[in-house]
Amino acid sequence: MNKYFITLIFIILVTISGCGTKEIELERERSSGLPIASNQETEFTKQELMKLEEVLLEIGDAPKEIISVHPISIKKVNNGLQVTALLQNGFSESIQNLSGNVKLLVAGEIVSSKDFSLKKEEFGVLESGQSKPWNFLFPEVQLGDKADISDFSLAVGFSYDIQ
C-alpha cells in the first residue's frame with residue numbers, strides 16, 4: 001500500500017441560511033441511489049441522512065483528483081460545537097486511514113483546531129466517487145455571546161492511504 005500525502009486546505013466560507021430549519025418529508029424514500037455511505041449511521045437520524053442526500057444532489061460529483069469537504073451543519077453540544085461535513089473522494093482509487101488537522105472558523109476567525117484520525121476500522125474505506133458524512137466534535141469552543149455560528153467554515157489538511 002502506497003502512502004500518499006497531500007495537504008489540501010479548504011477555506012469554505014459557508015453561510016447556512018435555514019439549513020437546520022428546512023422541513024424535509026420523513027416519508028420520502030431514499031431512492032436516488034447516490035453514493036452516500038456512513039459508518040456513523042447510528043448517530044444520524046433518517047432526517048439527517050435525507051438532508052445529506054439533498055445536499056449531495058446540490059453539490060454534485062466530487063471534483064476530480066481531490067478529497068473535498070463540504071460543511072453541512074453545526075450545532076452546540078455541551079461547551080463545544082459539532083460540525084457535520086460531507087467528505088467526497090474525487091480520486092479514481094479508494095482511500096482509507098485519513099488523518100490530519102481541521103480548523104473551525106466562525107465569521108472568518110479560527111475558534112478551534114484539532115487533529116483527527118479516521119482509521120479504516122471506524123471510518124471504513126472511501127470508495128472512488130463516494131461521499132461519507134462525518135461529525136467533527138470541537139470541545140470547549142470559546143465564542144462570544146453574540147457569535148453567529150451559522151457563518152462557519154472548515155480548513156482541512158489531509159494525509160491518507162490509497163487502497
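Since we're looking at a predicted model, the values are computed, not measured.
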Could you grab the distance from atom [atom1] of [X] to atom [atom2] of [Y], nearest 0.5 Å is fine?
{"X": "Lys132", "Y": "Glu127", "atom1": "NZ", "atom2": "CD", "result": "8.0 Å"}
{"X": "Glu58", "Y": "Glu53", "atom1": "CD", "atom2": "CD", "result": "11.5 Å"}
{"X": "Gln96", "Y": "Asp161", "atom1": "CD", "atom2": "CG", "result": "5.5 Å"}
{"X": "Ile95", "Y": "Gln130", "atom1": "CD1", "atom2": "CD", "result": "10.0 Å"}
{"X": "Ser92", "Y": "Glu65", "atom1": "OG", "atom2": "CD", "result": "5.5 Å"}
{"X": "Asp148", "Y": "Ser150", "atom1": "CG", "atom2": "OG", "result": "3.0 Å"}

Can you find a heavy atom in the side chain of [X] that is under 4.5 Å from one in the side chain of [Y]?
{"X": "Val83", "Y": "Ile72", "result": "no"}
{"X": "Gln88", "Y": "His70", "result": "yes"}
{"X": "Leu87", "Y": "Phe123", "result": "yes"}
{"X": "Val125", "Y": "Lys120", "result": "yes"}
{"X": "Tyr160", "Y": "Phe91", "result": "yes"}
{"X": "Ile149", "Y": "Leu143", "result": "yes"}

task: Let me see the working for Ser128 and Asn89 under side-chain hydrogen bond (donor to acceptor under 3.5 Å, both in side chains), right down to the final yes or no.
output: CA-CA 6 Å; Ser128 176; Asn89 181 3; 5.3 Å; no
- request: Give a yes or no on whether Val141 and Val77 share a hydrophobic cluster (residues Ile, Leu, Val, Met, Phe, Trp, Tyr; joining criterion: side-chain heavy atoms under 4.5 Å apart).
  value: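 No, because Val141 and Val77 fall into different hydrophobic clusters, even though each may have its own neighbours under 4.5 Å.
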- prompt: Do Val102 and Leu137 share a hydrophobic cluster, counting only Ile, Leu, Val, Met, Phe, Trp and Tyr and linking them when any side-chain heavy atoms are less than 4.5 Å apart?
  reply: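 No, no single cluster joins them.
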task: Verify side-chain contact (heavy atoms from CB on, under 4.5 Å) between Leu86 and Leu56, making sure each step is shown before the conclusion.
output: CA-CA 8 Å; Leu86 194 62; Leu56 186 56; 4.0 Å; yes
message: Less than 6.0 angstrom from the centroid, inside 45 degrees of the normal: does Lys114 satisfy that with respect to the ring of Phe136?
response: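 No, a cation-pi geometry is absent between Lys114 and Phe136.
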task: Check step by step if side-chain contact (heavy atoms from CB on, under 4.5 Å) holds for Leu81 and Lys76.
output: CA-CA 5 Å; Leu81 295 171; Lys76 292 182 180 180; 3.7 Å; yes
field: Audit row: Thr84, Leu52, side-chain contact (heavy atoms from CB on, under 4.5 Å) steps and yes/no
entry: CA-CA 9 Å; Thr84 300; Leu52 289 168; 4.2 Å; yes
Donor-acceptor pairs are to be reported for all side-chain atoms of residues 104-113 against protein atoms at under 3.5 Å, with residues two or more places apart or in another chain.
from: Ser113; atom 1: OG; to: Asn101; atom 2: OD1; distance (Å): 3.2
from: Ser113; atom 1: OG; to: Asn101; atom 2: ND2; distance (Å): 3.2

message: Run the side chain to side chain donor-acceptor pair (under 3.5 Å) test against Ser117 and tell me which residues pass, sequence neighbours left out.
response: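 Checked Ser117 against side chain to side chain donor-acceptor pair (under 3.5 Å); zero matches.
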field: Salt-bridge contact Glu122-Lys119 (side-chain N to carboxylate O under 4.0 Å)
entry: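 A salt bridge is absent here (no side-chain N lies under 4.0 Å from a carboxylate O).
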